[in-house]
2 protein chains.
Amino acid sequence: MSLPHAILTALLEKPSSGLELTRRFDKSIGYFWSATHQQIYRELGRLEQAGHIRALPSETPTRGQKKEYEVLPAGRAELAGWVDRTEDPKPLRSALLLRLRAAAVVGGVGLRDELERHLGLHQAQLDEYLEIEQRDFPPERRDTEPDRLRHLVLRGGIDLERFWVEWLTHALSELAG
Amino acid sequence: MSLPHAILTALLEKPSSGLELTRRFDKSIGYFWSATHQQIYRELGRLEQAGHIRALPSETPTRGQKKEYEVLPAGRAELAGWVDRTEDPKPLRSALLLRLRAAAVVGGVGLRDELERHLGLHQAQLDEYLEIEQRDFPPERRDTEPDRLRHLVLRGGIDLERFWVEWLTHALSELAG
DNA sequence: AACTACATGTAAACTGTTACATGATTGG
DNA sequence: CCAATCATGTAACAGTTTACATGTAGTT
């Protein structure tokens with residue numbers, strides 16, 4: 001049950017409309033939690049219902065009109081409570097690793113190409129994160145506690161992409177030999 | 001839609017009952033695809049319905065009695081077709097990284113303990129995988145293609161746990177300083 | 001007879017994905 | 001006025017999780 005907390009975090013960083021949130025989930029927020037606009041609109045409705053957020057006042061609150069939300073004190077309290085909760089890490093689910101294991105049983109022809117394709121995708125993602133790191137976290141901006149935390153999170157995304165790049169590279173060399 | 005293919009792979013490696021599959025998903029299969037017994041029983045029903053697997057003949061096929069399944073040719077063909085399909089990697093979803101980002105906004109008190117707890121869990125998982133590697137993949141058993149593939153998959157699990165151990169260690173040192 | 005482990009399953013709630021619907025605003 | 005883009009939503013379905021239900025077999 002993390003999507004509402006991801007949205008609360010995003011809204012605390014900056015009040016936004018549903019579509020703006022969707023864009024932020026496609027970029028910076030997406031490297032630790034992804035969501036589609038349909039999920040986001042549904043969750044915004046629930047959070048408003050629960051009194052955790054509210055729509056900023058506007059004259060014409062109709063369909064097709066931008067609707068911005070901000071977090072209410074109850075929402076901030078809910079998020080603060082959630083941060084201190086403990087939760088075990090979710091086990092991995094990788095369709096690619098599963099394909100490899102299946103290929104060990106039934107054989108696989110085009111798997112090499114698929115590994116190369118994934119290598120390209122992860123390399124591109126890694127490059128993008130490294131650009132974000134250079135732009136948003138230059139050495140002089142890593143002083144305050146919040147900045148250190150945000151940088152740590154990005155670092156997680158970076159290291160994870162590095163893991164994939166390295167493992168895929170290794171896998172391709174193993175399959176070649 | 002990978003669970004049925006995970007089950008087909010497992011059943012090809014060794015015909016099993018639902019509970020045996022559950023145990024295998026908790027162990028070796030779990031490091032690339034996890035599932036609960038409820039998911040597995042439902043999927044076994046669907047796969048049987050679809051003619052991809054069948055229950056081995058038995059005198060007393062009632063509730064509470066063990067029921068073993070084996071893969072039919074149609075099931076093997078379905079799996080072979082799936083292996084050659086392409087599929088983009090799913091974006092990461094980590095509640096722990098999200099907690100860190102949220103802590104940058106609302107502050108977090110017990111987060112250090114939670115990071116240490118996760119470090120312990122990932123270290124334990126890593127040790128377990130390394131034992132499996134020593135037991136099941138000694139250097140002389142890495143010759144055949146299927147063995148090389150299975151070892152590659154395990155290697156993925158190992159390297160991923162290593163990533164978490166390293167990142168968590170780094171995070172704890174950052175938070176200390 | 002009661003307890004425990006084995007074994008299969010059902011039901012409901014929640015989360016995530018895919019396809020579609022509707023209206024508003026802006027530029028050509 | 002038309003098309004593209006912005007913006008919010010609905011509906012249906014697929015996948016996952018949690019709680020519970022039921023029956024068998026062996027042990028004390």
Side-chain angles (χ1 to χ4, degrees), chain A residues 1-8 10-11 15-26 29-30 32-50 53-56 58-69 82 85 87-95 98, chain B residues 1-8 11 15-26 29-30 32-50 53-56 58-69 82 87-95 98:
Chain A
M1 231 206 29
S2 300
L3 178 58
H5 303 105
I7 291 178
L8 287 172
L11 287 182
S16 307
S17 69
L19 194 60
E20 282 163 4
L21 278 176
T22 303
R23 295 217 178 90
R24 293 172 60 197
F25 270 80
D26 283 345
I29 296 177
F32 53 87
W33 205 271
S34 65
T36 62
H37 82 268
Q38 292 89 339
Q39 275 177 283
I40 288 167
Y41 283 118
R42 184 174 32 180
E43 207 58 50
L44 283 172
R46 288 179 189 165
L47 285 167
E48 190 175 26
Q49 201 78 36
I53 62 173
R54 69 160 186 185
L56 292 180
S58 139
E59 301 102 50
T60 53
T62 62
R63 191 170 179 140
Q65 288 286 316
K66 183 147 98 168
K67 206 160 121 195
E68 292 219 304
Y69 291 92
W82 179 80
R85 244 170 268 164
E87 191 177 348
D88 284 354
K90 287 268 160 75
L92 171 66
R93 268 191 191 137
S94 163
L98 175 55
Chain B
M1 232 207 29
S2 301
L3 177 57
H5 304 104
I7 291 177
L8 287 172
L11 287 181
S16 307
S17 68
L19 194 60
E20 281 163 4
L21 279 175
T22 303
R23 295 218 177 90
R24 292 172 61 197
F25 270 79
D26 283 343
I29 296 177
F32 52 87
W33 205 272
S34 65
T36 62
H37 82 268
Q38 293 90 338
Q39 276 178 283
I40 289 167
Y41 283 117
R42 177 169 24 149
E43 206 59 51
L44 283 172
R46 288 180 190 163
L47 285 167
E48 190 176 24
Q49 200 78 37
I53 62 173
R54 68 159 186 185
L56 292 180
S58 137
E59 303 103 47
T60 53
T62 62
R63 191 173 180 139
Q65 289 286 315
K66 185 148 96 166
K67 207 161 119 195
E68 293 219 303
Y69 291 93
W82 179 79
E87 191 179 348
D88 285 354
K90 287 270 160 75
L92 171 66
R93 272 195 187 133
S94 164
L98 175 55

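It should be emphasised that the depicted structure is a prediction, and the values quoted were computed from it without experimental measurement. A note on names: the letters A, B, ... follow the listed sequences, proteins ahead of strands, and every chain is numbered from 1.
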Could you state the atom-to-atom distance from [atom1] of [X] to [atom2] of [N] in whole Å?
{"X": "A/Tyr69", "N": "D/dA7", "atom1": "OH", "atom2": "P", "answer": "14 Å"}
{"X": "A/Arg46", "N": "D/dT10", "atom1": "CZ", "atom2": "C1'", "answer": "14 Å"}
{"X": "B/Lys90", "N": "C/dT18", "atom1": "NZ", "atom2": "C1'", "answer": "12 Å"}
{"X": "A/Leu44", "N": "C/dT15", "atom1": "CG", "atom2": "P", "answer": "15 Å"}
{"X": "A/His5", "N": "C/dT15", "atom1": "NE2", "atom2": "P", "answer": "10 Å"}
{"X": "B/Glu48", "N": "C/dT8", "atom1": "CD", "atom2": "C1'", "answer": "13 Å"}
{"X": "A/Glu43", "N": "D/dT10", "atom1": "CD", "atom2": "C1'", "answer": "16 Å"}
{"X": "A/Leu21", "N": "D/dG9", "atom1": "CG", "atom2": "P", "answer": "12 Å"}

Among [options], find the nucleotide with the atom closest to the side chain of [X].
{"X": "A/Arg42", "options": "C/dT8, C/dT15, C/dT25", "answer": "C/dT15"}
{"X": "B/His37", "options": "D/dT8, C/dT8, D/dT16", "answer": "C/dT8"}
{"X": "A/Tyr41", "options": "C/dT8, D/dT8, C/dT15", "answer": "D/dT8"}
{"X": "A/Gln38", "options": "D/dC6, D/dT16, D/dG9", "answer": "D/dG9"}
{"X": "B/Met1", "options": "C/dC20, D/dG15, C/dA24", "answer": "D/dG15"}
{"X": "A/Gln39", "options": "D/dT8, C/dA7, C/dG16", "answer": "C/dG16"}

Contact check, side chains of B/Arg42 and B/Arg46, non-hydrogen atoms, under 4.5 Å: yes

A/Leu21 side chain near A/Leu11 side chain, heavy-atom distance below 4.5 Å: yes

A/Thr22 side-chain N/O to A/Gly18 backbone N/O, donor-acceptor pair under 3.5 Å: yes

Check: B/Ile29 main-chain N/O paired with B/Arg24 side-chain donor or acceptor under 3.5 Å: no

Distance below 4.0 Å between [X] side-chain N/O and [N] OP1 or OP2:
{"X": "A/Arg23", "N": "D/dA7", "value": "yes"}
{"X": "A/Lys67", "N": "D/dG9", "value": "yes"}
{"X": "A/Ser17", "N": "D/dT8", "value": "yes"}

Residue mapping more 5' on DNA chain D - nearest nucleotide basis, A/Glu20 or B/Ser34: A/Glu20

Criterion side-chain contact (heavy atoms from CB on, under 4.5 Å) on A/Thr36 and A/Tyr41, from CA distance to verdict: CA-CA 9 Å; A/Thr36 62; A/Tyr41 283 118; over 6 Å; no

Donor/acceptor link under 3.5 angstrom from B/Arg93 side chain onto base of C/dG16: no

